[in-house]
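To keep things clear, I will list the structure first and then write my remarks on it.
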Amino acid sequence: MSLLELQSLLPQLILALGATAVLMGGAWLENRRVWLVIGMLLALVAACAAALFEPPLVEVAGMYGTSLYARFCTVFWSLCVAATLLISCRYADLHRFGGGEYASLLLFAGAGMSLLSAATSFVGLFIGLEAFTLVLYILIAFNRTDNRGAEAGLKYLVFGAVATGFLAFGIALIYTATGSFHFTEALAGLQVENSLRPLGLAGWAMLLVAIGFKISLVPFHLWTPDVYQGAPAPISGLLATAAKGAVLAAFLPLLGGLGEAGGVVKEVLWLLAILTMLVGTFAALPQTNLKRMLAYSSVAHMGYLLVALLIGGAVGGQALLFYLLVYSLATFGAFGVVTSWALAEEEIQDYAAIRGLGYLHPRRASALAVFLLSLAGIPPLAGFFGKFGIFHAALRSGYTELAVIGVLTSLISLYYYLRPVIVLFMQDRSAYQLRSGCREEYLLLGGCVAAILFFGVYPGPLLELVALVLP
Amino acid sequence: MMATLMFYLLGAIAVIATLLAITRNNPVHAVIYLVNSFFALALLFFLLGAPLVAAWEVIIYAGAIMVLFLFIIMMLEIAPGQEAGRFGPNWLQWLPILLLAVALGACTLLLTGLDPLGADGVPRWYASPRDFGYVLFKEYALAIEVVSFQLLFAAVGAFYVGRPERKNKPPGEKP
Amino acid sequence: MAETTTGLPFLSLLLWLPLLGALLCLLCYRSATVCRWLTLGTTILVLLVSLWLAFAGSTGEAGWLLFEDRSWIEPFGIRYTLGLDGISLLLILLTAFLQVIAVLISWDMRKHPAFFFALVLLLETGIIGVFLALDLVLFYLFWELMLIPMFFLIGVWGHERRVYAAVKFFLFTLAGSLLLLLAIISLYLLHGEQTGVYTFALAALKQTELSFGQELLYYLCFMAAFVVKVPLFPFHSWLPDAHTEAPAAGSVDLAGLLLKTGVYGMIRFAFPLFPQATEKSLPVLAGLALIGLFYAAWIAYLQFDIKRIVAYSSISHLGFVILGLAAWNQTAWEGSLLLMINHGVTTGALFVMIAMIRQRTGTREIDKLGGLWKTQPNLSAFFLLFCFASLGLPGLANFAGEILILVGVFASHPVWGAIAVGGVLFAAAYMLRLVQEVIWGSSCEPFDKSDLCQREWLILIPLALLVVLLGCYPQPALEVMRGPIQLLLGGMP
Amino acid sequence: MELLLALIPLLPLVGGVANACFGSRLPRPAQAMIASGAVIGSFLATLGCWPGAAGDGIRTTLFTWLQSGSFTAEVGLLFDPLAALMALMVTGVASLIHLYAAGYMEDDSDQARFFALLNLFVFAMLTIILADNLLLMFLGWEGVGFCSYGLIGFWYHKGENASAGRKAFIVTRIGDLFFTVGLLWLFALFGTIGIEAINARAAELDPTTLTLIALLLLGGACGKSAQLPLMSWLPDAMAGPTPVSALIHAATMVTAGVYLLCRLFPLVSLSPVALGTIACVGAFTAFYAATCALAQREIKRVLAYSTMSQVGYMFLAVGLGSVSAAMFHLLTHAFFKALLFMGAGCLINLAGHENDIFQMGGMAKRSKTVFWLFLAGLFCLAGAPLTGGFFSKDLILATAFAKGELFFMGLYALGVLTAALTSLYSFRLAYLVFAGDFRGEELPHELPKLMLWTLPLLALFGLAGGLLNLPHLFGGHSWLTGWLGRDGDLLQLPLEMEYLLLSVALTVFLLGWLIAHFRYRKLRVSEPGCLCGFFLSGWRCDAFFDRLLIRPFRVLCRFCWQGVDTGLIDGLLEGFARTCLNWGQALRFFADGKISRYLQGFVWGLLLIVGWFLLQAVR
Amino acid sequence: MIVPLEHVLILSTILFLLGLVCVLVRRNLIMILIGVEIMLNAVGLLLVGASAFWQQIDGQVMVIFLMAMTSAEVSISLAMVVYLNRRKGTVDVRAFDEMRG
């Protein structure tokens with residue numbers, strides 16, 4: 001455990017130690033706002049560190065890489081955490097969150113994610129994944145004033161635990177097949193000539209189940225809507241964006257490393273992608289609850305991402321990361337809007353409740369419209385170029401059928417993305433009175449909208465950056 | 001030879017104990033049986049050359065975790081038989097499991113059919129605590145750090161969740 | 001490609017002016033008056049600029065009056081390429097003009113005026129963009145950009161079944177355009193593999209070698225988008241609802257402009273890119289056009305909602321246009337484009353008038369209307385004029401286009417031509433029914449007896465003048481579009 | 001000269017536009033003055049141009065209307081003898097009628113619209129006459145249609161007036177379709193639509209094409225001139241104000257068809273089949289209309305049917321190949337029919353806006369002048385010897401006779417029979433209106449002077465119209481035939497033949513008179529018999545067309561609308577949408593909130609993957 | 001050698017499946033958690049066996065981490081159990097299906 005290693009893991013260190021510090025401090029000074037802000041600053045610092053500080057080592061302890069890719073991911077997750085803290089300012093007050101705990105848990109989740117996406121060995125992957133999953137159990141049930149939070153927590157817990165079991169078993173099998181945890185050797189287990197290939201395959205099957213749970217692929221997605229609905233809105237946002245993104249980001253190089261041997265895995269992914277796109281889209285159609293709809297839509301989007309994931313390579317990776325970014329912006333923004341609408345006693349989620357409120361809260365309503373249309377992939381919003389990239393990649397690498405299905409689903413998806421917009425702007429007022437937003441919320445939402453519009457008309461630089469960081 | 005025999009014996013014990021554990025109606029009994037199966041497992045570990053792990057198995061699992069379970073069960077005074085139709089009403093939920101069993105069985109059969117390992121199965125091999133400790137703290141120090149953090153925050157979470165509701169605070173007011 | 005931009009970027013100016021206006025509108029959303037004048041000012045400015053272009057434009061490279069080309073999204077090889085030729089010039093003039101009308105007709109918009117006017121302006125940007133873009137992705141961008149404002153215009157300010165109509169419109173058009181997107185991308189990839197140059201530039205993609213099968217596939221995908229927008233016979237079902245439920249300005253833009261973008265897409269992109277497929281498909285196109293021509297007219301004859309009558313009439317007229325394109329000769333094409341312009345003006349005028357009538361009588365039910373001449377002679381006179389223009393009375397707008405189409409079609413396919421002539425009769429049938437039920441007959445006692453107010457005179461007089469002018473002396477328009485059409489037809493069947 | 005020529009159509013146009021735009025703001029006299037002034041002006045202009053008409057006339061081109069590829073349509077005027085003659089007649093009659101109308105519409109609130117439309121009509125009519133290419137002619141062709149639409153439905157408060165106008169427009173438009181197709185075809189063949197060019201090159205065509213084109217043109221002509229089978233609009237058109245009936249549905253518009261055929265006669269004449277058809281159409285229409293006229297009760301309807309019948313004669317003449325005869329009858333008919341209509345207007349006024357002849361009677365007492373003038377008109381119509389009508393009609397019949405073949409003999413016979421009927425219904429009208437004493441109770445409205453002044457002139461022309469083309473027999477020298485340069489039309493009949501024909505005509509005339517005298521001297525009010533009813537309803541044609549065309553059409557429309565559009569297409573789409581939603585609903589069933597079910601989802605997924613891998617591994 | 005690796009594999013698979021069965025069919029939250037524990041132990045067995053097979057220590061180390069992780073998880077889970085029991089008064093998972101659709 002040399003100093004160099006610590007230096008190389010500076011951002012994660014900042015996050016984790018910062019988390020501890022905030023925790024300690026929170027015990028003494030019970031001012032919520034302060035700790036949230038401090039936490040946010042720490043996350044930002046971590047992001048800057050990851051972006052600017054050149055790590056001395058390429059790989060730490062044979063578990064975590066410090067490639068550009070890893071650093072990029074770290075920046076991304078740290079920013080997500082910062083955003084979550086920012087959007088939570090008012091929300092935390094309303095629901096009397098313990099400021100210290102909340103901030104510190106989020107920070108540690110950030111650390112876990114960045115470790116996960118930086119993992120170069122199964123041990124590291126396992127630990128990183130578990131690190132932030134554990135924290136999320138708590139964060140989901142963090143709102144101790146309503147039963148739904150508890151139920152959501154329970155559901156996530158049970159499935160998380162089972163998924164952990166599968167993950168561990170998968171790792172164990174792969175280890176049995178290859179005798180190493182490190183990706184580069186472990187992947188050998190799938191080589192066709194390897195006589196232990198069946199073991200490796202079984203291991204991959206278990207792994208895929210675990211991933212399927214984490215990024216909620218069909219048929220492992222059933223928990224998603226319930227958990228998103230029950231969890232505090234900011235946490236739902238984090239779950240839908242960073243928590244999934246980290247896993248995807250971790251598996252992108254892993255699959256890439258498979259090379260030829262990954263053929264079989266890719267076939268399964270192909271199947272899962274189709275299933276996920278279709279089921280996610282259709283299940284979202286009849287939803288009348290904003291958060292559930294977003295949950296199912298995130299399932300569908302995972303389908304698109306899966307397409308990019310299984311294409312892999314430069315094209316697929318570029319499409320994946322770009323899509324992940326714009327998808328996260330939009331989804332997080334949407335949950336942010338829900339957050340800032342929330343009342344003390346309940347979150348406003350049902351369409352019936354937000355009927356015709358678009359003109360009462362024009363800024364947030366139109367922001368939501370922008371987010372949803374971006375998710376639908378309507379130009380000139382960033383979502384369009386995301387989809388564009390995915391279809392482009394799919395066609396380029398001969399997955400025409402996936403592209404076609406993607407097109408069909410995104411057409412159908414338009415219906416459920418338009419519904420909230422219709423409800424907000426085209427129906428007469430409901431009796432509800434939403435909470436007026438606060439500065440932080442406007443700051444964040446404005447930021448998301450601006451980013452979506454900017455990347456919608458000028459995605460060039462981002463695409464180049466993404467291409468640059470790819471492993 | 002002796003060891004081989006032990007292996008199968010302990011394996012049988014573990015399986016039977018587990019089987020009993022998961023079928024118990026009363027959680028307390030279940031835990032007790034599970035402790036048995038864990039002891040058997042611990043011995044298996046020892047047999048497979050992992051004395052340290054075996055020790056920890058006993059200490060952490062059988063000792064700590066199971067006791068914790070027991071403690072919670074007591075605390076919540078979950079009466080036995082509270083769980084009506086505990087094996088579920090429909091055979092449908094068994095179907096996937098059976099199929100899964102078949103599938104995994106097929107996997108292993110396939111494996112044995114291929115018999116990639118041939119003669120050299122699990123050898124007699126012994127990881128002394130020293131080597132173990134060496135590897136653990138040389139190569140996996142970082143992991144240990146992370147895991148320790150993890151435990152810390154798990155504790156925090158457990159505390160936060162388990163702590164009783166703070167009454168007499170109107171919503172929205174800053175503590 | 002070199003950064004070839006002739007002088008000031010007038011095209012970009014033309015393109016982004018409305019957007020600017022929209023943003024300003026949103027900024028000062030508190031005062032409706034400011035928004036109104038701001039919007040009116042912007043649209044008039046756009047009109048002036050486009051008029052200026054009409055006179056100042058000089059044929060530059062490859063027959064473009066004006067041309068702009070900037071690098072935009074390098075990783076995908078997407079460029080910001082705009083080009084103006086006679087055809088787009090005419091259509092842009094029409095756009096600018098109708099937008100002014102649209103703003104005037106919705107002058108006293110009570111419901112969220114800022115939002116409304118901003119959307120109208122945004123729509124204008126979208127439409128102009130479609131008419132200017134020469135990079136396929138850029139084109140697609142504007143193509144979709146038109147949807148959102150229109151969706152809101154229909155959905156928020158529309159009539160009874162507005163939401164249904166809005167969603168139907170959005171889904172329908174998007175269904176078509178997504179196929180277009182797929183086709184664009186795969187064409188781009190194909191071209192890239194052949195030449196190694198990955199670009200979306202129209203000029204470059206024309207050079208792609210395609211087997212007939214591929215051509216047909218891509219062609220169908222392209223047409224899917226355009227045919228829905230036009231709309232051609234079996235794909236028209238969104239239009240009556242959208243037109244009927246949209247507010248006045250919305251209907252004017254839909255009928256006057258959005259439909260034209262479909263035809264424009266065909267002649268600018270689908271036909272030049274896939275000549276063989278086009279050649280094979282012309283008979284089908286003509287057949288559908290003919291069917292639609294009669295079918296829509298027949299349906300229009302029975303409608304009870306006067307807006308629906310006009311809506312179906314525009315399906316019928318667009319059938320004429322497509323027929324002209326399918327005839328594939330100079331005269332027919334000139335006729336088609338002319339008819340597009342004329343139809344834009346007349347139908348726009350009709351929707352405007354219907355809005356005025358609705359304002360006074362509070363209904364669009366044909367049974368509840370009647371005898372308007374007694375109370376509003378001037379209004380009725382204009383209505384009569386536009387109706388007869390729409391049914392193709394010689395000397396008024398539509399006839400000029402229709403006769404040219406007929407001449408062209410008859411020259412190449414006498415039978416089609418002979419059949420198409422029949423359409424004129426049914427046009428007379430439903431239009432006269434409309435006139436009869438609305439302005440003749442016994443009076444329906446409108447609650448507002450006032451005849452045209454000054455603003456309405458201001459709206460109607462230019463329209464009427466244009467209708468007569470285009471009917472009696474369309475030569476200038478024809479001469480402007482002549483060259484480009486020759487270019488487009490050149491080297492094709 | 002060219003300028004003057006251009007003025008002929010332009011003056012009415014200007015007048016019309018002026019009235020349309022500013023009429024309602026002008027004082028009433030001013031409106032009338034503008035309108036009449038414009039028309040009189042163009043009459044004078046025509047007179048001014050007259051000298052130039054001789055030979056192959058004068059032509060001028062104002063500007064290019066449409067030019068695309070090889071298709072060029074210019075706004076060009078051609079003033080040759082035929083056009084000149086027609087133009088003079090139209091402008092002349094129109095001026096008189098405008099004056100008359102100034103009186104007639106005195107107390108109408110909406111005078112401006114009336115005069116605007118009337119002027120525009122004259123403009124359109126003159127465009128037909130003077131156009132040097134078919135497209136411009138078509139502009140006029142449709143223009144008159146529009147104006148007559150507006151004028152028939154002028155009193156729009158009564159729904160049926162408006163629908164009469166609509167009927168007129170649509171029925172004539174059916175004819176226009178044929179015209180359009182013919183036009184397109186001609187262009188496709190010759191690459192030009194110039195009338196002279198077409199006439200010059202007509203001979204190049206092969207007979208079938210020629211016949212077809214000629215028939216198409218005939219179709220167009222039938223529409224405008226209310227010939228079989230497109231005749232049913234004319235009687236209803238009488239809903240319009242009387243001057244309108246006089247101008248449009250007697251003197252000018254209905255003769256446009258004849259004019260068209262004469263204009264393109266060089267082309268038409270090349271196809272004997274077409275000529276035969278034209279002749280038949282004419283003869284039968286003449287007969288049909290005459291029979292209908294026998295039973296009508298409304299004075300104007302009688303006149304309408306008589307018009308139809310007379311135009312039938314003109315068609316017959318064209319069919320016989322004698323343009324001059326056609327034009328001759330056209331002119332005389334224009335004069336006396338205008339006279340009759342305007343007289344009828346006066347009578348209706350006198351009878352207190354009562355136009356049922358069974359309610360009239362004894363009108364002679366109410367106004368002597370009107371009586372004599374109207375009688376003069378009737379004599380011309382009935383073909384009383386030495387009146388204009390006599391000569392023109394006789395010329396046509398003679399021509400038919402002179403052809404000698406059986407077919408033409410048949411036509412001749414039909415023509416003679418029709419002549420008998422004509423005089424019969426003319427005198428029926430005379431007796432019913434003038435004989436006896438007044439049967440209604442309304443008091444007479446006094447007549448504006450302006451209305452009366454105009455009649456004598458027309459009466460004069462009508463009676464003396466024969467002089468235009470006085471046959472040699474009466475010491476004339478067929479000036480009209482000469483003017484039109486169609487000496488071929490002159491008949492070479494032996495003298496006794498001529499006398500025979502004359503006597504036949506005379507007897508026929510007297511026969512009709514006598515029958516009328518005995519049948520209608522004093523009215524015997526009797527329930528109209530079935531035959532009478534059949535004639536009254538115009539051979540039940542309306543009902544027939546309604547069953548044959550209109551109802552099936554409505555059914556077709558309804559099928560397209562509710563069957564295909566809402567039923568099939570929308571049905572499919574809604575079905576698709578609903579299916580998607582149902583799938584969504586079905587998927588909700590799995591997410592029932594039960595943890596165990598979710599876990600099963602896990603296991604199924606695992607099975608899926610493991611199973612797949614197993615397959616792969618086995619391979 | 002002691003046993004062929006397959007047998008270790010089979011044994012751990014059986015245990016894993018038993019755990020899975022427990023998770024799937026039991027309704028009692030605590031029993032479900034116990035099922036998870038069984039699964040994890042099965043994994044531990046496999047890891048140990050594998051590390052013996054490859055004669056590496058990494059496997060055993062992984063087992064340690066697994067244990068640590070598990071204990072963390074268990075602590076949270078049990079806290080959650082207490083929390084849920086306090087809210088709903090039962091640990092029967094069937095009681096928690098408020099959110100559905």
Side-chain angles (χ1 to χ4, degrees), chain C residues 168 171-172 234 236-237 240 294-296 298-303 329-331 334-335 338 370-371 373-374 377-378 381 384 388 392-395 399-400 403-404 406-411 414 417-418 421-422 424-425 428-429 432-433 435-436 439-443 472-475 478-479 482, chain D residues 20 24 63-71 73 75 110 113 124 135-136 138-143 145-146 149-150 153 156-159 161-163 165-166 169-170 173-174 176-178 180-181 183-185 187-188 193 553-554 556-562 564-566 569-570 572-573 577:
Chain C
K168 198 172 178 182
L171 287 178
F172 244 83
H236 63 276
S237 109
F294 285 90
Y295 176 85
W298 291 340
I299 293 182
Y301 181 69
L302 287 187
Q303 297 304 312
N329 59 45
Q330 184 78 20
T331 313
E334 287 181 15
L338 188 60
W373 194 291
K374 194 189 293 168
N378 297 335
L384 192 68
F388 271 84
L393 189 73
F399 176 77
I403 195 69
L404 284 184
L406 287 174
V407 170
V409 174
F410 202 92
V421 172
V424 181
L425 174 65
L432 289 185
R433 174 162 174 269
V435 174
Q436 165 126 19
I439 66 179
W440 305 137
S442 53
S443 175
C472 297
Y473 192 59
Q475 273 316 96
L478 289 174
E479 269 139 27
R482 185 147 301 156
Chain D
S24 47
F63 62 94
T64 308
W65 178 20
L66 279 172
Q67 191 279 323
S68 159
S70 56
F71 179 82
V75 179
D110 222 348
R113 174 162 58 107
L135 196 66
L136 188 59
F138 187 69
L139 182 140
W141 195 260
E142 291 273 320
F146 165 68
Y149 166 82
Y156 55 84
H157 314 293
K158 292 234 305 289
N161 296 0
S163 33
R166 175 160 63 146
F169 191 87
I170 291 187
R173 191 149 207 183
I174 296 176
D176 302 351
L177 299 188
F178 297 110
T180 319
V181 177
L183 185 158
L184 295 173
W185 201 344
F187 174 75
I193 50 173
F553 173 63
R554 295 189 70 88
L556 176 67
C557 294
R558 192 157 293 285
F559 169 74
C560 283
W561 174 24
Q562 283 160 350
V564 180
D565 216 45
T566 51
I569 297 177
D570 276 2
L572 280 176
L573 298 166

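Fair warning: this is a prediction, and the values are worked out from it, not measured in the lab. Reminder, nothing fancy here: chain letters follow the sequence lines and each chain counts from 1.
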Step by step, work out the side-chain contact (heavy atoms from CB on, under 4.5 Å) result for D:I170 and D:R166.
-> CA-CA 6 Å; D:I170 291 187; D:R166 175 160 63 146; 3.9 Å; yes
Report yes if some heavy atom in the side chain of D:F553 is under 4.5 Å from a heavy atom in the side chain of C:W298; otherwise report no.
-> yes
Pick whichever of D:L139, D:N161, D:D110, D:T64 has the most heavy-atom pairs under 4.5 Å with chain C.
-> D:L139
Report yes if some heavy atom in the side chain of C:L384 is under 4.5 Å from a heavy atom in the side chain of C:W440; otherwise report no.
-> yes
Distance-minimising heavy-atom pair for C:Q436 and D:S163 = NE2-N, 3.4 Å
Name the region of D:W185, side chain, backbone, both or neither, that has any atom closer than 4.5 Å to a heavy atom of chain C.
-> both
Per-residue contact mode, D:L66 against chain C (heavy atom under 4.5 angstrom) | both
D:F169 portion near chain C, given a 4.5 angstrom heavy-atom threshold | side chain
Distance (rounded to the nearest 0.5 Å) between C:I299 CD1 and C:F294 CZ = 14.0 Å
Top of D:L135, D:T180, D:L184, D:I174 for chain C proximity - count of heavy-atom pairs under 4.5 angstrom | D:L184
Interchain contact, D:D176 with chain C, by part (heavy-atom threshold 4.5 Å) | neither
Looking only at D:F63, D:F138, D:F187, D:Y149, most heavy-atom pairs under 4.5 Å shared with chain C are made by D:Y149
Residue, of C:L478, C:V407, C:N329, that accumulates the most heavy atom pairs under 4.5 Å with chain D = C:V407
Under a 4.5 Å heavy-atom cut-off, does chain C meet the side chain of D:L177, its backbone, both or neither?
-> both
So which of D:D565, D:I569, D:D570 has the biggest tally of heavy-atom pairs under 4.5 Å with chain C?
-> D:D565
Which residue out of C:N378, C:L171, C:L425 racks up the most heavy-atom pairs below 4.5 Å with chain D?
-> C:L425
Can you check whether C:F388 reaches C:L432 side chain to side chain, under 4.5 Å on heavy atoms?
-> yes
cation_pi(D:R113, C:W373) dist<6.0 Å, angle<=45 = yes
Below 4.5 Å from any heavy atom of chain D, which atoms of C:P414 appear? Answer side chain, backbone, both or neither.
-> neither
d(D:Y156 OH, C:I439 CD1) to nearest 0.5 Å is 9.0 Å
Where on D:T566 is there a heavy atom nearer than 4.5 Å to chain C: the side chain, the backbone, both, or neither?
-> neither
Going from CD on C:E334 to CZ on C:R482, what distance comes out if it is rounded to the nearest 0.5 angstrom?
-> 4.0 Å
Write down the atom of C:P394, the atom of D:W65, and the distance for their closest heavy-atom approach.
-> CB-CH2, 4.4 Å
Side chain, backbone, both or neither of D:L136 within contact of chain C (heavy atoms, under 4.5 Å) | neither
Out of C:E479, C:H236, C:K168, C:Q330, which one racks up the most heavy-atom pairs below 4.5 Å with chain D?
-> C:H236
Could you tell me which portion of D:V564 (side chain, backbone, both or neither) has an atom closer than 4.5 angstrom to a non-hydrogen atom of chain C?
-> both
With chain C, which of D:A577, D:A188, D:C560, D:G69 has the greatest number of heavy-atom pairs at distances under 4.5 Å?
-> D:C560
Does CZ belonging to C:F172 count more than 12 external heavy atoms closer than 6.0 Å?
-> yes
